[in-house]
> 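Below you'll find the structure I mean.
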Amino acid sequence: MIHLVQTAQNVAMVILEEAGSRARRLVKSMAYAPLLLASAAATAADPPVTTQIVDLANKLNGLHPGFRAFHAKGVVAEGSFKASPEAAQLSRATLFNGDTIPVTVRFSDGNGMPNVADGSPAGNPHGMAIKYQLPGGTATDMVTNSLEFFPAGTAEDFRDLLLAIIASPPDAPKPTKLEQFFASHPNAPKAFGTAATPDSYADEEYHGINAFIFVSKTGQRQAVRYQLVPEKLVHLTPEEAAKQSPDFLSDELSKRIAQKPVVFHLKVQLAEAGDQTKDGSQPWPDDRKVVDLGVLTLDRLVPNSLEAQKKLLFMPTNLTNGIELSDDPLPIARTAAYAVSFGRRSQPGLASSGRDDMNARTSNAPTQASTVSP
């Protein structure tokens, strides 16, 4: 546990260092300190927690007009999904009827700074967001990342995690606010410990972290968590990652997909009786059954990916008949935060205390606290 706390603490230090002097000045500012240490109890005058989260991400990572507050740097690919027969038994969703479904996928680094180096610890966790284009012009989304479970179970806890990171610069007195947060949320450092730098976006495993409910044609309900499993899983050591070029993940994906399609298996872990579904920071036991729902095949990158991804919005609550929300509060909170982020990045000239950035590369800072992302 001590090792996990130290690892996560080191990641937070990288975030603060790469965020630049502006973030450090905010941390040290006597005028700003009361805000960072304020009680989690909000007053009627406070903005919604989800807006606070976006504002804190902007304070941590800097303002980058036109970009996401979370997972700012990314690349967009297209392809198709074809479900397995087992998928149709679990859910009546059109997505799983066996037809070939067009998909748009965005891979990303887990940071609100568009020019974060792909090999930096602050680039973890990496994200994979999928938009399935259904018949009739509708769509459904899946938003996943490379954490095996989330460091916080509620929006309030995630807000407090961001506050703790900002309030824990290298010279902060011990125990730091981040160490105190980890002590009261022991799964948070464990969650960060599940993330590493892959040698390719295509060689990473991505997790849905939140529980959803599949409804079958007969009305049977099954709680599930998504997994996107590559043909092979390859992680770099921190030393190997540090030697890579700043954009090596997007560059590698471009070369790879030009030679052959990139393939993932969409799978779900099935909850059993008694497994809780309301806390994404609590993983289910490893022995729970995993079902292969089908194959996701990506065969091309989108031209001018930077512009394409600015128009894209992936929402965890954008569901279709046969897939429902569970009692997990985070998908709704994530959607609310993404909406704030999208509104801000869609209006680059908008003056505000925070500004959301989700997809690109032209800035100066990385993140790991931005573990939420569309």
> Applying side-chain contact (heavy atoms from CB on, under 4.5 Å), name anything that partners Ala242, two or more places apart in sequence or on another chain.
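side-chain contact (heavy atoms from CB on, under 4.5 Å) list for Ala242, sorted by chain: empty.
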> When you look at Arg256 and Ser200, which way does the side chain to side chain contact (heavy atoms under 4.5 Å, CB included) test go after all the steps?
CA-CA 9 Å; Arg256 176 182 295 218; Ser200 169; 3.6 Å; yes
> Quick one: side-chain hydrogen bond (donor to acceptor under 3.5 Å, both in side chains) partners of Ser326, sequence neighbours excluded?
none
> Starting from Val295 and following side-chain heavy-atom contacts under 4.5 Å between hydrophobic residues (I, L, V, M, F, W, Y), which residues can be reached?
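Once heavy-atom contacts under 4.5 Å are chained together, Val295 belongs with Val263.
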> Mind checking the CZ-OG spacing from Phe212 to Ser91? Nearest 0.5 Å is all I need.
12.5 Å
> Is the backbone of Asp251 close enough, under 3.5 Å, to the side chain of Ser254 for a donor and an acceptor to pair up by distance?
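No, the answer is negative, given that no donor and acceptor are paired below the 3.5 Å cut-off.
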> Apply side chain to side chain contact (heavy atoms under 4.5 Å, CB included) to Thr197 and Asn124, showing your working.
CA-CA 7 Å; Thr197 302; Asn124 298 324; 3.5 Å; yes
> Can you list everything that forms a salt bridge (charged side-chain N to carboxylate O under 4.0 Å, His left out) with Glu205? Sequence neighbours excluded, please.
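Salt bridge (charged side-chain N to carboxylate O under 4.0 Å, His left out) list for Glu205, sorted by chain: empty.
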> When rounded to the nearest 0.5 angstrom, what is the spacing between CG in Asn187 and CZ in Phe192?
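So the CG of Asn187 and the CZ of Phe192 are separated by 12.0 Å.
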> Say whether, by atom type as modelled, one donor and one acceptor occur between the side chain of Gln180 and the main chain of Pro175 under 3.5 angstrom.
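Flag set: sc Gln180 to bb Pro175 pair under 3.5 Å.
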> Only counting residues at least two apart or in another chain, list the ones meeting side-chain hydrogen bond (donor to acceptor under 3.5 Å, both in side chains) with Gln227.
none
> Kindly indicate whether the side chain of Val76, heavy atoms from C-beta on, has any atom under 4.5 Å from the side chain of Val105.
no
> Drop me the distance from Phe314's CZ to Thr140's OG1, to the nearest 0.5 angstrom.
12.0 Å
> Can a side-chain donor-acceptor contact be found between His265 and Glu231 if the only test is distance below 3.5 angstrom?
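No.
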> If we ignore angles and hydrogens, is there a donor and acceptor under 3.5 Å between the side chains of Arg159 and Gln52?
yes
> Kindly indicate whether the side chain of Leu270, heavy atoms from C-beta on, has any atom under 4.5 Å from the side chain of Val291.
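Yes, at least one pair of side-chain atoms sits under 4.5 Å.
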> Got a sec, which residues hit side-chain hydrogen bond (donor to acceptor under 3.5 Å, both in side chains) with Thr100, two or more places apart in sequence or on another chain?
none
> Checking Thr277 against Asp327: is there a side-chain donor and acceptor pair closer than 3.5 Å?
yes
> Hey, what do you get for CG (Leu147) to OG1 (Thr194), rounding to the nearest 0.5 Å?
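Spacing of CG (Leu147) from OG1 (Thr194) equals 4.5 Å.
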> What residues form a salt bridge (charged side-chain N to carboxylate O under 4.0 Å, His left out) with Asp199, not counting sequence neighbours?
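Asp199 satisfies salt bridge (charged side-chain N to carboxylate O under 4.0 Å, His left out) with no residue once adjacent residues are dropped.
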> Taking only residues two or more places apart in sequence or in another chain, which ones pass salt bridge (charged side-chain N to carboxylate O under 4.0 Å, His left out) with Arg288?
Glu272, Asp275
> Among residues at least two apart in sequence or on other chains, which ones pass side-chain hydrogen bond (donor to acceptor under 3.5 Å, both in side chains) with Lys267?
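Partners of Lys267 by the side-chain hydrogen bond (donor to acceptor under 3.5 Å, both in side chains) criterion come out as none, since no residue qualifies.
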> Sort and list the pairs that fulfil salt bridge (charged side-chain N to carboxylate O under 4.0 Å, His left out) and have at least one residue in residues 80-96, not counting sequence neighbours.
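Passing the test, one end in residues 80-96: no pairs.
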> Once you round to the nearest 0.5 Å, how far does CD1 of Ile165 lie from CG of Leu178?
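Here the interatomic distance stands at 6.0 Å.
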> Above 12 or not: heavy atoms from other molecules or residues under 6.0 Å from CG of Asp286?
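Not buried by this count: 12 neighbours or fewer within 6.0 Å.
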> So, are Asp160 and Lys177 salt-bridged, with charged N and O less than 4.0 Å apart?
no
> Looking at Asp141 and Lys131, is there a salt bridge between them, counting it only when a charged N and a carboxylate O are closer than 4.0 Å?
yes
> Are the side chains of Thr94 and Asn321 in contact, using a 4.5 Å heavy-atom criterion?
no
> Which pair of heavy atoms, one from Asn210 and one from Arg225, lies closest together, and at what distance?
O-CG, 3.6 Å
> Mind listing the closest non-hydrogen atom pair of Phe149 and Ser281 along with its distance?
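Nearest heavy atoms, Phe149 then Ser281: CD1-O, 3.5 Å.
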> Are Lys260 and Asp299 within salt-bridge range, i.e. N to O under 4.0 Å?
no
> Who pairs with Arg221 by salt bridge (charged side-chain N to carboxylate O under 4.0 Å, His left out), at least two apart in sequence or on another chain?
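Here the qualifying residues are Glu324.
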> Under 6.0 Å between the ring centres of Phe150 and Phe158?
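Yes, the ring centres sit under 6.0 Å apart.
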> Per the ring-ring contact (aromatic ring centres under 6.0 Å, His included) rule, what does the pair list look like for residues 77-99, sequence neighbours excluded?
Phe81-Tyr132, Phe96-Phe214
> Going through the distances and angles, do Leu330 and Thr154 end up as a side chain to side chain contact (heavy atoms under 4.5 Å, CB included)?
CA-CA 6 Å; Leu330 270 183; Thr154 65; 5.7 Å; no
> Report the relative orientation of the aromatic rings in Tyr201 and Phe107; use parallel for angles under 30°, tilted for 30 to 60°, perpendicular for over 60°.
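Answer is parallel, since the angle falls under 30°.
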> Go through the steps to decide whether Tyr338 and Val143 satisfy the test side chain to side chain contact (heavy atoms under 4.5 Å, CB included), and finish with yes or no.
CA-CA 11 Å; Tyr338 299 168; Val143 184; 4.0 Å; yes
